[in-house]
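Inspection log for the structure reproduced underneath, given as structure tokens.
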Amino acid sequence: MANRSNYYPRTLRLQSWEVQKVVREIKKLPEDKLDIELINVLGRSYMNLGDYENAFDTYLSFIGKAKEDVKDVDIWLYSECGWLCNEVGDYEQGLKYLLEAEKLGRDDEWLNTEIGQCLGRLERAEEGLEKLKKSLKLIEVEAPENIQEKIFINSEIGYLYGFLENSEEALKYFYIAKDLGRNDDWIYMHIWFNLEKSKGKEEALKYFENEVKVNDKNTTIWASLGQIYMNFFQDYDKAEKAFKKAFGLSGDGLNLYNRGIALRLLGKYEEAVEVLLQSRKISVQEGDVTDGEDLDLARCYIALKDKKNAEKYLDLAREGLENVPEEHADEFEATLEEIEDLIEKL
């Protein structure tokens with residue numbers, strides 16, 4: 001979910017220890033001394049600490065308790081409760097609170113967009129589209145200069161049309177989002193998938209090859225093209241060249257890492273080792289995990305029949321298991337076992 005909790009104007013800009021102090025001081029106050037200003041500060045403080053549960057409880061507990069402007073305050077509180085639920089993936093509860101805000105009379109772009117996105121996550125795509133299209137009309141009245149929000153809404157509409165397998169309509173909105181300035185892997189991969197569905201792989205590839213001709217300095221398009229060559233066409237030579245170009249433009253270690261994978265798949269193991277070691281160095285410097293590089297280095301050293309280094313990087317990869325998301329842990333462990341078996345055969 002995008003961080004769109006911006007309805008109430010006052011927010012905190014404090015260090016963590018200062019935020020904790022604010023929480024302690026407000027919690028000391030008797031209930032009858034609390035007003036919406038303090039509730040907002042307390043809720044925002046919890047958010048800044050990453051404690052969404054207490055932020056939610058803070059807002060929920062104050063519904064109906066404001067001493068003045070009760071309706072407007074409750075609209076804001078229901079809106080924040082809905083947003084917080086959505087942030088933690090509880091879209092059923094999120095929708096419930098957002099609809100309460102709507103019942104009390106809120107009908108602006110923010111609420112319609114949040115409800116539309118929530119409905120989409122609940123796979124109620126048609127209803128979501130209705131709300132999001134309303135948002136596109138409302139934003140032209142409320143904030144026509146807000147390009148980022150227009151990008152967000154168009155991207156969501158494209159996503160829901162893609163979910164409904166209406167690729168032509170999906171592409172229409174993805175192109176709008178791109179033309180407004182969205183330039184990330186998400187938009188290009190969704191354009192790819194919907195072009196592939198509607199026009200086939202070859203035509204989809206032509207689109208991206210034409211894009212890099214027109215936008216030769218766009219790192220993201222080069223990186224996306226590299227992924228397409230590598231994952232959908234198994235054209236590792238062209239993938240390697242695309243990732244090399246992307247890294248040259250950006251210095252982003254991920255592009256270097258992907259280039260190393262392409263070199264390994266081409267059987268250019270010594271060159272792959274050189275590139276992967278450079279990628280690993282960047283990851284360490286940036287405080288990032290290195291388990292990906294370690295696994296690929298182990299594979300390269302196995303191919304080079306260098307048992308000592310293969311074992312070294314397998315051990316380093318194994319140390320990274322704790323950083324692997326739980327849903328991928330079994331797959332990662334299976335890969336470790338597979339590489340261990342290959343090393344034993346050397």
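Atoms considered below: every heavy atom in the structure, side chains included; atoms not considered: hydrogens, waters and symmetry mates.
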* **Asn183 and Tyr188 side chains, donor-acceptor separation under 3.5 Å** => yes
* To do: Going by the salt bridge (charged side-chain N to carboxylate O under 4.0 Å, His left out) test, name the single residue among Lys307, Lys345, Arg318 that passes it with Glu340.
  => Arg318
* **Shortest non-hydrogen contact between Gly116 and Leu132, atoms and distance** => CA-CG, 4.0 Å
* Asked: Around atom CD of Glu165, are there more than 12 heavy atoms of other residues, nucleotides or ligands at under 6.0 Å?
  -> no
* To do: Please determine, by modelled atom types, if Ser250 and Asn255 share a side-chain donor-acceptor pair under 3.5 angstrom.
  => yes
* Could you tell me which non-hydrogen atom of Ala298 sits nearest to which non-hydrogen atom of Tyr313, and how far apart they are? => N-CB, 4.0 Å
* **Parallel, tilted or perpendicular: rings of Tyr78 and Tyr97 (30°, 60°)** => parallel
* State, yes or no, whether a side-chain contact exists between Leu297 and Asn309 at a heavy-atom distance under 4.5 Å. => no
* Donor on one side chain, acceptor on other, Tyr229 and Glu209, under 3.5 Å -> yes
* Charged N to carboxylate O under 4.0 angstrom, Glu156 versus Lys131? -> no
* Just how far is it from atom CD1 of Ile153 to atom OG1 of Thr113, taken to the nearest 0.5 Å? -> 3.5 Å
* Asked: Are Val275 and Phe243 connected in a single hydrophobic cluster, I mean Ile/Leu/Val/Met/Phe/Trp/Tyr linked by side-chain heavy atoms less than 4.5 Å apart?
  -> no
* Asked: On the ring face of Tyr159, is Arg121 found with NZ or CZ under 6.0 Å from the centre and within 45° of the axis?
  -> yes
* Asked: When clusters are formed by joining ILVMFWY residues with side-chain heavy atoms under 4.5 Å apart, either directly or through shared neighbours, do Ile343 and Leu316 land in the same one?
  -> no
* Asked: Rounded to the nearest 0.5 Å, what separation is found between the NZ atom of Lys245 and the CD atom of Glu240?
  -> 13.5 Å
* **ring-ring contact (aromatic ring centres under 6.0 Å, His included) partners for Tyr257, two or more places apart** => none
* For the pair Lys308 and Asp306, find out whether any cationic side-chain nitrogen is under 4.0 Å from an anionic carboxylate oxygen. => no
* Is any NZ, NE, NH1 or NH2 atom of the basic residue among Lys178 and Glu211 found under 4.0 Å from an Asp or Glu carboxylate oxygen of the other? -> yes
* **Derivation and outcome, ring-ring contact (aromatic ring centres under 6.0 Å, His included), residues Trp222 and Phe247** => CA-CA 9 Å; Trp222 277 108; Phe247 177 71; over 10 Å; no
* **Those residues that, when tested against Asp288, pass salt bridge (Lys or Arg N to Asp or Glu O under 4.0 Å) (two or more places apart)** => none
* **Charged N-O contact under 4.0 Å between Lys150 and Glu109** => no
* Structure fact -> Separation between CD1 (Ile39) and CD1 (Ile26), nearest 0.5 Å, reads 8.0 Å
* Asked: Can Ser224 and Asp185 be said to form a side chain to side chain contact (heavy atoms under 4.5 Å, CB included), step by step?
  -> CA-CA 6 Å; Ser224 296; Asp185 180 68; 3.8 Å; yes
* Asked: Should the pair Phe233 and Trp192 be assigned to parallel (<30°), tilted (30 to 60°) or perpendicular (>60°) ring geometry?
  -> perpendicular
* Does one side chain, of Thr290 or Asp294, offer a donor that lies under 3.5 Å from an acceptor on the other? -> yes
